[in-house]
Amino acid sequence: MRDTGYDVIVVGAGNAAFCAALAAEERGARVVVLERAPEDENGGNSRFTAGAIRFAYDGIEDLKKVMPDLSDEEIANTDFGTYSEDQFFDDMFRVTQFRCDPDLVELLVRRSLETMVWMREKGVRFVPIYGRQAFKVDGKFKFWGGLTVESWGGGPGLVDGLTGSARKRGIEVRYSTRATELLTEDGRVVGVRVKHPGGFEDLYAKGVILACGGFEANPEMRTRYLGPGWEMAKVRGTRFNTGDGLRMALNVGAASYGNWSGCHAVGWERNAPEFGDLAVGDQFQKHSYPFGIMVNAHGERFVDEGADFRNYTYAKYGREVLAQPGQFAWQVFDQQVTHLLRDEYRIRQITKVSANTVEELASKLDGVDPHGFVRTVEAYNAAVQADVPFDPNVKDGRGTSGLAVPKSNWANTLSEPPFEAYAITCGITFTFGGLRITTDGAVVDEDLAPIPGLYAAGELVGGLFYFNYPGGTGLMSGSVFGRIAGASAALAAVQQEAA
Ligand SMILES: Cc1cc2nc3c(=O)[nH]c(=O)nc-3n(C[C@H](O)[C@H](O)[C@H](O)COP(=O)(O)OP(=O)(O)OC[C@H]3O[C@@H](n4cnc5c(N)ncnc54)[C@H](O)[C@@H]3O)c2cc1C
């Protein structure tokens with residue numbers, strides 16, 4: 001085999017890729033990271049995130065392992081609670097309707113804390129998510145929903161931390177270098193063909209790890225796999241995740257796995273650009289709908305906005321918005337709850353109207369039948385169970401009664417003006433279908449035998465998410481399986497060397 005000086009080639013330069021690269025390097029492998037985007041657009045979807053990352057912890061002692069710089073004051077003023085492995089398992093099984101692969105989930109959950117500690121050792125800093133996942137109760141911050149920690153500096157901080165750590169350890173990172181094809185010899189993956197500004201080049205190594213994202217930025221694949229209408233969705237993140245890794249792997253006989261017609265998609269600013277904008281990041285999302293109502297072009301509600309905490313509904317409600325006439329909706333709030341709206345409601349790039357009466361608001365909701373809207377608000381207000389106390393920190397059971405589309409929690413009448421409304425459409429985050437891997441991170445073929453030399457991690461691994469997704473699990477999955485794939489590829493390289 002030709003030697004290009006590499007043991008392991010990692011395709012992609014997001015969170016999963018760097019975790020793979022760092023894990024391979026710490027086992028002595030010579031690693032190169034290939035990234036299709038130019039350096040100023042680096043970091044994939046990982047860079048667009050808020051860096052929120054879900055892991056199991058038993059209390060403050062576990063959190064201190066991940067955030068050793070937590071101050072005494074922060075600890076005294078915060079109820080961090082716990083998020084046990086059992087809760088993480090329950091969340092994964094419940095939101096995926098028990099479809100998720102139990103072997104992969106076992107690794108995801110049980111390795112989550114140790115992987116966080118490992119990332120910290122590699123130079124990634126973490127902080128509590130005070131802004132979005134905690135409310136103040138009796139002067140003390142109380143966390144809810146099992147999502148407690150984010151990377152310092154959000155997604156950009158995470159990517160910069162990982163990139164810096166990789167460079168410090170001698171890992172080469174090549175930008176503007178797109179993998180186009182896997183090179184094989186006798187059924188083994190021996191390298192990748194790449195396209196870069198200088199032309200095409202073949203790079204060889206003992207193992208290749210695909211960590212180059214799903215197909216969310218590819219309208220043709222979205223329509224083919226997710227279904228008609230998905231070409232209309234806006235892309236929340238990078239324009240570079242066009243399914244290359246999936247295509248390359250399927251072309252060498254890899255097995256497809258998981259929910260290929262499913263994806264993570266959310267309510268997203270209606271007038272947002274076609275792809276994510278790094279200057280705005282994830283602020284186009286509009287996630288405070290549990291405290292208000294959402295209406296479509298008929299002025300009608302179409303989902304239970306308060307079915308669960310935002311973490312457990314937001315990823316599937318984008319699909320519901322896409323299914324509405326004109327692919328849009330308006331979120332409506334009154335002054336009883338506007339102080340609870342997340343910071344993303346206060347950015348400049350927003351489609352917002354406000355009014356002092358419901359009728360006036362109805363006339364301002366672009367594309368909405370005003371009579372339908374007024375009827376909806378009247379019926380909704382009459383159905384609110386106002387005798388149940390409102391509490392944003394728990395599923396308060398303050399619902400509606402008698403509506404065809406119920407609201408199960410946090411139902412308040414729309415009665416205190418000025419009313420505010422925000423226009424949204426569907427923003428796709430990432431796709432759920434992917435490649436099938438072993439518990440060692442090796443990609444298997446259609447006979448379920450590992451393809452020698454081929455590994456995968458991150459968004460393009462199938463089998464973890466179906467229908468829905470618990471917030472903060474995408475990064476954790478990339479980290480856990482990236483670390484596993486990196487270790488396996490490095491070990492296989494050593495064994496090959498010895499053979
Ligand atoms: C706006 C937004 C907010 C989000 N917020 C969160 C959050 O807070 N917490 C969370 O857990 N998840 C969040 N997610 C989901 C999360 O981004 C993904 O689950 C995760 O980042 C995927 O990591 P990855 O490394 O697999 O892919 P990516 O980070 O997307 O990296 C893939 C990389 O591969 C590159 N690439 C593609 N094709 C090729 C090729 N042919 N050759 C070379 N390189 C290639 C891409 O350019 C990209 O850099 C969010 C996503 C978005 C879009």
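Values in this document were obtained by computation on a predicted structure and should not be read as measured data. In this chain, numbering begins with 1 at the start of the sequence shown. Computed from heavy atoms alone, side chains included, the values below leave out hydrogens, waters and symmetry copies.
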Ring-ring centroid check [X] [Y], cutoff 6.0 Å:
{"X": "Phe215", "Y": "Trp260", "result": "yes"}
{"X": "Tyr289", "Y": "Trp410", "result": "no"}
{"X": "Phe143", "Y": "Tyr83", "result": "no"}

Write down the atom of [X], the atom of [Y], and the distance for their closest heavy-atom approach.
{"X": "Phe432", "Y": "Asn259", "answer": "CB-O, 3.6 Å"}
{"X": "Glu359", "Y": "Val374", "answer": "OE2-CG1, 4.0 Å"}
{"X": "Asp101", "Y": "Tyr257", "answer": "OD2-OH, 2.8 Å"}

Test ring-ring contact (aromatic ring centres under 6.0 Å, His included) applied to His264 and Phe467, Tyr466, Tyr314, the passing residue: Tyr314
Heavy-atom side-chain contact between [X] and [Y] under 4.5 Å:
{"X": "Pro418", "Y": "Gln335", "answer": "yes"}
{"X": "Leu435", "Y": "Leu246", "answer": "yes"}
{"X": "Gln349", "Y": "Phe284", "answer": "yes"}
{"X": "Trp330", "Y": "Val353", "answer": "yes"}

side-chain contact (heavy atoms from CB on, under 4.5 Å) partners for Pro219, two or more places apart: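 In terms of side-chain contact (heavy atoms from CB on, under 4.5 Å), with neighbours along the sequence ignored, Pro219 is linked to Arg222, Glu231.
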With sequence neighbours excluded, residues passing side-chain contact (heavy atoms from CB on, under 4.5 Å) with Ala383: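 For Ala383, the residues satisfying side-chain contact (heavy atoms from CB on, under 4.5 Å) (neighbours in sequence not counted) are Thr400, Leu403.
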Crowding at CG, Asp72 (>12 non-hydrogen neighbours, <6.0 Å):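 Atom CG in Asp72 is not packed in, count stays at 12 or less.
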Within 6.0 Å of CZ in Arg99, more than 12 heavy atoms from elsewhere: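 Atom CZ in Arg99 is not packed in, count stays at 12 or less.
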Ion pair present between [X] and [Y], side-chain N to carboxylate O less than 4.0 angstrom?
{"X": "Lys64", "Y": "Glu61", "answer": "yes"}
{"X": "Arg346", "Y": "Asp343", "answer": "no"}
{"X": "Asp308", "Y": "Lys395", "answer": "yes"}

Donor-acceptor contact present, side-chain Glu459 to main-chain Ala16, <3.5 Å: no
Side-chain donor/acceptor of Asn45 to backbone N/O of Thr238, under 3.5 Å: yes
Residues Tyr345 and Gln331: side-chain donor-acceptor under 3.5 angstrom: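 Short answer, yes.
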Side-chain donor-acceptor contact under 3.5 Å, Asn468 with Arg94: no
Aromatic plane relationship, Tyr57 with Phe55 - under 30° parallel, 30 to 60° tilted, over 60° perpendicular: tilted
Aromatic plane relationship, Phe141 with Tyr130 - under 30° parallel, 30 to 60° tilted, over 60° perpendicular: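 Tyr130 and Phe141: tilted rings.
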Residue among Arg301, Glu320, Gln324 satisfying side chain to side chain donor-acceptor pair (under 3.5 Å) with Asn296: Gln324
Face-on cation placement of Arg239 at Phe275 ring, 6.0 Å and 45° thresholds: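 Not flagged: Arg239 not positioned over aromatic ring of Phe275.
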